[in-house]
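Chain letters run A, B, ... following the sequence lines, proteins first and then strands; every chain starts at 1. These values consider heavy atoms only, across backbone and side chains, with no hydrogens, waters or symmetry-generated copies.
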There are 2 protein chains.
Amino acid sequence: MTTSRATAASRAPGAPGAPGAPEEGDLLRLEKQICFSLSAASRAFNGVYRVLLKDLGLTYPQYLVMLVLWEHGELPVKKVGERLRLDSGTLSPLLKRLEAAGLVRRERSARDERSVNVRPTEEGVALRERALQVPRHIVAATGFDLDELLDLRTRLDRLTTTLDAAALEQTPDCL
Amino acid sequence: MTTSRATAASRAPGAPGAPGAPEEGDLLRLEKQICFSLSAASRAFNGVYRVLLKDLGLTYPQYLVMLVLWEHGELPVKKVGERLRLDSGTLSPLLKRLEAAGLVRRERSARDERSVNVRPTEEGVALRERALQVPRHIVAATGFDLDELLDLRTRLDRLTTTLDAAALEQTPDCL
DNA sequence: CGGCATTTAGTTGTGCACAATTGAATTGTG
DNA sequence: CACAATTCAATTGTGCACAACTAAATGCCG
């Protein structure tokens, strides 16, 4: 079974006009680079946020939730989850921690007792002032200029859309 | 205090005093898009891998570890962690699960009893054959052609390097 | 040789992501 | 009104990321 030999290393990974498909061993290596680069970048971003947000007492996902609440004031948990693509299994404990920190309040909706509305407390709103400093530091830390960042964002969003669509179709038999 | 107008008090020292500088509220929104796009893309990638790797009985981080082991055969835990930027707190339980699944073996190095060498079992090596199918599906799922992916990888790697450097300098007082 | 810093895995604790399930509230239908 | 299907948050369980700490082995020093 070790016969997976790369009989010929006809590698031309980056070459635009290369007609020859990369050999299998190269594929595994190449692909590792791509997927790994993304998760590494994601974790590196997380590390910078961790440092910046420590003073605010927020983790990065908590910061994302606060961004949504600063923008919208009050929302049901469901809506927060839709915006951030997070489900209740992630949000419920996260929101409890934010509530314990005094930054948000959760209360059952009067008109629909299944729904829980979340809104920032005064303290949570006040925190926004300090959070305003964060983006500047983040942008600076990337070493990218705004145009590059916006271009990157556009590509990533396109990637996400396509990947999400693929994940849905992709049922078992594809392997 | 909802009138948190940008009193210009915190006018950026580091930012160029661009005449059309984004207003602060915009900054928070814009920046949310950038950071969120990255984590969303990362999670979307994860979702596709989750589907593809389910048949192999691997999670995505486990897959990364197997990629390293397929390439190098046998390595101390330390080296695996260096390649993947993962520490022992992540790798130790992960490797135990891989060992429980019969895919790797861990054994203390004879020459240095502190070190633990990890190598794929025959079953682990055999799994590589099936894993060879994964990259094709991943690349297809992105909807990007190879050049675009390689370009994206280059940008992300540059981003990661810069961010990591920034995280090191960035001690508390920056906020 | 004894003592001590360094290296290396492992453990513990916190927090997030996600799948699966539960249970209550609501809505739709007869 | 009764009853089934749906919606929503919460809970449970697994796995990963990371910080902080432990413990053992090694190597260096005088």
- Qualifying salt bridge (charged side-chain N to carboxylate O under 4.0 Å, His left out) pairs, either residue in residues 38-50 of chain A, two or more places apart: none

- Item | cation_pi(A:Arg158, B:Phe144) dist<6.0 Å, angle<=45 | yes

- Identify whether any heavy atom of B:Thr59 sits under 4.0 Å from a base atom; if not, whether one sits that close to sugar-phosphate; answer base, sugar-phosphate or nothing. sugar-phosphate

- Name the nucleic acid region contacted by A:Lys54, choosing base, sugar-phosphate or nothing; use a 4.0 angstrom heavy-atom cut-off, strictly under. nothing

- Of D:dA9, C:dA9, D:dC18, the nucleotide closest to the side chain of B:Arg108 is C:dA9

- Message: Rounded to whole Å, how long is the line connecting atom CG of A:Asp87 with atom C1' of D:dA9?
- Response: 11 Å

Output a table of donor-acceptor pairs, distance under 3.5 Å, between side-chain atoms of residues 98-106 of chain A and any protein atom two or more places apart or on a different chain; print 'none' if there are none.
{"residue": "A:Glu99", "atom": "OE1", "partner": "A:Arg106", "partner atom": "NE", "Å": "3.1"}
{"residue": "A:Glu99", "atom": "OE1", "partner": "A:Arg106", "partner atom": "NH2", "Å": "3.2"}
{"residue": "A:Glu99", "atom": "OE2", "partner": "A:Arg106", "partner atom": "N", "Å": "3.2"}
{"residue": "A:Arg105", "atom": "NH2", "partner": "A:Glu107", "partner atom": "OE1", "Å": "3.4"}

- Under 4.0 Å from any atom of DNA chain C, heavy atoms only: list the residues of residues 63-72 of chain A that qualify, in numerical order. none

- Query: Can you tell me how far CG of B:Leu91 sits from CG of B:Leu84, rounded to the nearest 0.5 angstrom?
  - Reply: 7.0 Å

- Message: Quiz question: by atom type and distance under 3.5 Å, do the side chains of A:Arg136 and A:Gln133 form a donor-acceptor pair?
- Response: yes

- The complete set of side chain to side chain donor-acceptor pair (under 3.5 Å) pairs with one or both residues in residues 108-118 of chain A, sequence neighbours excluded, reads A:Asp112-A:Arg114

- Which nucleotide in the list C:dC18, D:dC18, C:dG10 gets nearest to the side chain of A:Arg43? D:dC18

- Rounded distance (Å) that lies between atom C1' of C:dA17 and atom CG of B:Asn46: 8 Å

- Round to a whole Å and report the spacing from CG of B:Leu95 to C1' of C:dG10. 12 Å

- Within the structure shown, what part of the strands sits under 4.0 Å from B:Leu91 by heavy-atom distance: base, sugar-phosphate, or nothing? nothing

- Message: Students often get this wrong, so: under 4.0 angstrom with heavy atoms, is A:Lys79 touching a base, only sugar-phosphate, or nothing?
- Response: nothing

- Task: Would you mind checking if B:Arg130 and B:Asp55 are paired as a salt bridge, meaning a charged N to carboxylate O distance below 4.0 Å?
- Result: no

- Note on the structure: When both distances are under 3.5 Å in a Watson-Crick or G-U wobble arrangement, the nucleotide paired with D:dT12 is C:dA19

- Item | Nearest-neighbour nucleotide for the B:Ser88 side chain, D:dC18, C:dT11, D:dA10 considered | C:dT11

- Query: Which whole-number value in Å describes the distance from B:Leu58 CG to D:dG15 C1'?
  - Reply: 13 Å

Expected list for residues 66-80 of chain A: side-chain donor-acceptor pairs under 3.5 angstrom, two or more places apart:
{"residue": "A:Trp70", "atom": "NE1", "partner": "A:Gly124", "partner atom": "O", "Å": "2.9"}
{"residue": "A:His72", "atom": "ND1", "partner": "A:Val68", "partner atom": "O", "Å": "3.2"}
{"residue": "A:His72", "atom": "NE2", "partner": "A:Arg83", "partner atom": "NH2", "Å": "3.2"}

- salt_bridge(A:Asp164, A:Arg85) N-O dist < 4.0 Å: yes

- Starting from C1' on C:dC18, measure out to OH on B:Tyr49 and report it in whole angstrom. 19 Å

- Item | Whole-Å gap separating P (D:dA17) and CG (B:Leu94) | 8 Å

Can you check nucleotides 6-8 of chain D for protein contacts, nitrogen or oxygen pairs under 3.5 Å, and list what you find?
{"residue": "D:dT7", "atom": "O4'", "partner": "A:Arg114", "partner atom": "NH1", "Å": "3.4"}
{"residue": "D:dT7", "atom": "O2", "partner": "A:Arg114", "partner atom": "NH1", "Å": "3.0"}

